[in-house]
**Student:** 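Just passing along the structure, written as structure tokens.
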Amino acid sequence: EGVDGTAEGLPSGFLARAWHTGRLALVMAVAAFVGALWLPLAGGVMVRDGRGEVMLDVWVTPLDYVLGTYPSLHGRMTAWLLPGAALFLLHLLRSRRTGSAMAAARPLVTTVSLAPLVSVVLPLLRLRRLGVDVRPGPALALVAVGVVLGLLAASRFGRDVPEAAKQRARDRGWETV
């Protein structure tokens, strides 16, 4: 054990431990991805609603792409990358408990953290290709922050996390050989 009574290499405070192991950065990345769903992604878009009426200067959110709110802007499979990445990262956070399992998941965390960037850039490129003068919204910036946090989490995920048997022994006060 370390000098302060915690496992070797881990800081003593809860938030400091969570940051050190990459868990806090992963939670923050998930929060950024989920928050970006409701923020405007693209502005200045002309769309038709369900009744066929034309609406000018609409701000579209990533959630609109996922749900297919506007028939003229039906989402593709890439629209599901943003909420899917958030759910998958939460699953990884919940299912990986030991240091070796977390370290083995680092490439997966990296890949899944980059996926939301594709899901918000492709709709903007598609609208530009259709000739729409698109103004990017704050959802793009929040996704970029989430990607950076996800990459940071991937570089630290599982660092200095003890293995399950050693952790149980420490929790019970037993020494391991």
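What you see below is based on every heavy atom in this structure, not just the backbone, and it leaves out hydrogens, waters and symmetry mates. Nothing here was measured: the structure is a model prediction, and the numbers come from that model. All residue numbers refer to positions in the sequence shown, counting from 1.
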**Student:** Indicate yes or no: at least one non-hydrogen side-chain atom of Leu37 is less than 4.5 angstrom from one of Leu82.
**Tutor:** yes
**Student:** Roughly how far apart are Leu108 CG and Phe157 CZ, rounded to 0.5 Å?
**Tutor:** 9.5 Å
**Student:** Hey, are the side chains of Phe33 and Met28 touching, using non-hydrogen atoms and a 4.5 Å cut-off?
**Tutor:** no
**Student:** Look only at the side chain of Arg128 and the backbone of Val134, and say whether a donor-acceptor pair between them is shorter than 3.5 Å.
**Tutor:** yes
**Student:** To the nearest 0.5 angstrom, please state how far the CH2 atom of Trp59 sits from the CG atom of Asp64.
**Tutor:** 13.0 Å
**Student:** Are any non-hydrogen side-chain atoms of Val30 and Leu87 less than 4.5 angstrom apart?
**Tutor:** no
**Student:** Taking side chain as C-beta onward, heavy atoms only, is Val60 less than 4.5 Å from Leu41?
**Tutor:** no
**Student:** List the atom of Arg97, the atom of Met102, and the distance in Å for their closest heavy-atom pair.
**Tutor:** O-SD, 4.2 Å
**Student:** So how far is it from Leu149 CG to Leu26 CG, rounded to the nearest 0.5 Å?
**Tutor:** 9.5 Å
**Student:** Looking only at heavy atoms, which two atoms of Leu124 and Val120 are closest? And how far apart?
**Tutor:** CG-O, 3.5 Å
**Student:** Please examine the side chains of Ser119 and Pro62, heavy atoms only from C-beta on, and report whether any two atoms are closer than 4.5 Å.
**Tutor:** no
**Student:** Measure the shortest side-chain to side-chain distance between Val121 and Leu140 over non-hydrogen atoms and say whether it is less than 4.5 angstrom.
**Tutor:** yes
**Student:** According to the side-chain hydrogen bond (donor to acceptor under 3.5 Å, both in side chains) rule, which pairs have a member within residues 131-157, sequence neighbours left out?
**Tutor:** Asp57-Arg135
**Student:** Measure the shortest side-chain to side-chain distance between Phe88 and Thr111 over non-hydrogen atoms and say whether it is less than 4.5 angstrom.
**Tutor:** no
**Student:** Under the side-chain hydrogen bond (donor to acceptor under 3.5 Å, both in side chains) rule, what pairs show up with a residue in residues 82-92, not counting sequence neighbours?
**Tutor:** none
**Student:** Decide yes or no for Leu63 and Trp38: does some side-chain heavy atom of the first lie under 4.5 Å from some side-chain heavy atom of the second?
**Tutor:** yes
